[in-house]
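Single-structure report; data block below.
What's counted below: heavy atoms across the whole structure, side chains too, no hydrogens, waters or symmetry copies.
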Amino acid sequence: MSTLDVFRLDDKVAVVTGAAAGIGRCIAETYATAGASVVIADLDIEAAQAVAASIKAGGGQALAIKVDVSSEADVSVLFDATLATFGRVDVLVNNAAIFPKRPFLEVDVAFWDKLQAVNLRGTFLCMREAIAHMKAAGGGAIVNISSVSSLQAVVHHNVTYNATKAAVNSLTRTAALEFGPEGVRVNAVLPGGIPTPGARAASAAIELKGPILGPGRVPLGGMGEMEDISNAALFFASPASRYVTGQLLAVDGGFLVS
């Protein structure tokens with residue numbers, strides 16, 4: 001296998017949650033370009049279908065499925081449909097998440113539970129389904145999209161989101177330890193400042209206290225691009241990372257070391 005070939009996903013089937021827009025869409029398109037058949041899983045089925053149509057128009061294979069990742073029944077349907085269409089699941093990307101901000105003392109139980117349900121329970125449910133199929137097939141790769149906020153508080157009013165992503169990190173490493181001997185690799189990508197439409201909307205919805213990324217906070221300068229995250233996700237899904245599991249890779253321009 002040549003140097004470039006180790007980043008290919010030919011004959012692989014990848015399920016990407018939250019793939020109708022933003023980072024999820026970018027990952028799905030990157031995987032399709034690398035040769036994978038991609039399942040576009042999202043609550044917004046019309047947007048998901050548009051992404052699938054775009055991938056097919058470019059010569060790739062894609063399937064759009066409506067799913068609420070916090071629903072056990074929906075997640076079961078997602079994987080049943082994937083197997084019925086493509087016959088296997090080789091890669092799972094847990095990207096679906098919500099990130100509304102609310103001051104610590106204004107966080108009520110309903111707000112807390114909603115973020116936990118989508119960001120953490122949804123990741124767990126998808127992992128549980130995927131790992132069962134991957135074990136039976138002899139292995140696979142799971143990529144969880146976490147956040148640098150899971151390790152370092154970045155902005156105010158983000159306590160609930162940060163807690164969910166810290167839990168995703170733990171889930172990543174625990175599953176990597178438990179299922180590594182069965183060929184299932186589990187890693188996480190921790191994005192730094194990426195100006196996705198969703199992130200901009202969440203930040204604009206409230207008055208933020210203090211600078212988000214002040215002078216000197218990002219050694220490589222400025223904000224990242226969605227492709228920076230999708231490239232890292234491709235590495236973790238591909239044979240290039242065959243000997244890598246349980247890792248938390250910050251793609252943040254050096255923010256965590258500043």
Considering non-hydrogen atoms only, spot the tightest contact between [X] and [Y] and give its length.
X	Y	value
Pro195	Gly224	CD-O, 3.2 Å
Ala117	Ser70	O-CB, 3.4 Å
Ala96	Gly18	CB-N, 3.7 Å
Val16	Gly24	CG1-O, 3.7 Å
Gly122	Asn94	O-OD1, 4.2 Å
Ala240	Phe7	CB-CE2, 3.5 Å

Any donor and acceptor pair, going by atom type alone, linking the side chain of [X] with main-chain N or O of [Y] inside 3.5 Å?
X	Y	answer
Asn119	Ile98	yes
Ser54	Ala50	no
Arg185	Val244	yes

So do [Y] and [X] actually touch side chain to side chain, heavy atoms under 4.5 Å?
X	Y	answer
Thr17	Asp42	no
Val143	Tyr31	yes
Pro191	Ile145	yes
Ser238	Leu9	yes
Leu63	Ile65	yes
Phe124	Leu120	no
Val69	Asp74	no
Thr160	Lys101	no

In Å and rounded to the nearest 0.5 Å, what is the [atom1] to [atom2] distance from [X] to [Y]?
X	Y	atom1	atom2	value
Asn187	Arg173	CG	CZ	10.0 Å
Ile23	Ile229	CD1	CD1	5.0 Å
Leu105	His157	CG	NE2	10.5 Å
Gln152	Asn162	CD	CG	9.5 Å
Cys126	Glu72	SG	CD	11.0 Å
Gln247	Phe235	CD	CZ	9.5 Å

Show the numbers, then the answer: is there a side chain to side chain contact (heavy atoms under 4.5 Å, CB included) between Val38 and Ile40?
CA-CA 6 Å; Val38 185; Ile40 312 299; 3.6 Å; yes
By side chain to side chain donor-acceptor pair (under 3.5 Å), which residues pair with [X], not counting sequence neighbours?
X	answer
Thr30	Ser230
Asp11	none
Thr33	none
Arg8	Asp10

With [X] via side chain to side chain contact (heavy atoms under 4.5 Å, CB included) - residues at least two apart:
X	answer
Val89	Val15, Phe79, Thr82, Leu83, Met134
Ser147	Ser149, Tyr161, Lys165
Val148	Val154, Leu190, Ala250, Asp252, Phe255, Leu256

Could you note down all residue pairs passing salt bridge (Lys or Arg N to Asp or Glu O under 4.0 Å) where [range] supplies at least one of them, sequence neighbours left out?
range	result
residues 47-66	none
residues 85-98	Arg88-Asp90
residues 106-118	Arg102-Asp108
residues 220-231	none

Hey, any chance [X] and [Y] share a hydrophobic cluster, counting ILVMFWY side chains that come within less than 4.5 Å of each other, even indirectly?
X	Y	result
Val257	Leu151	no
Leu43	Val39	no
Val6	Leu249	yes
Val118	Phe111	yes
Val251	Phe236	yes

Can you list the steps and then say if Met127 with Thr123 is a side chain to side chain contact (heavy atoms under 4.5 Å, CB included)?
CA-CA 6 Å; Met127 286 179 65; Thr123 297; 3.8 Å; yes
Which residues pass the salt bridge (charged side-chain N to carboxylate O under 4.0 Å, His left out) test with Arg25, not counting sequence neighbours?
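With sequence neighbours excluded, Arg25 shows a salt bridge (charged side-chain N to carboxylate O under 4.0 Å, His left out) to Glu29, given in chain and number order.
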Do Asn144 and Ser146 have a side chain donor and acceptor closer than 3.5 Å?
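Note: Asn144 and Ser146 side chains miss the donor-acceptor criterion.
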Walk me through it: do Val77 and Val67 pass the test side chain to side chain contact (heavy atoms under 4.5 Å, CB included)?
CA-CA 8 Å; Val77 169; Val67 59; over 6 Å; no
Pair Ile55, Gln61 - check side chain to side chain contact (heavy atoms under 4.5 Å, CB included), show working.
CA-CA 7 Å; Ile55 289 174; Gln61 296 293 320; over 6 Å; no
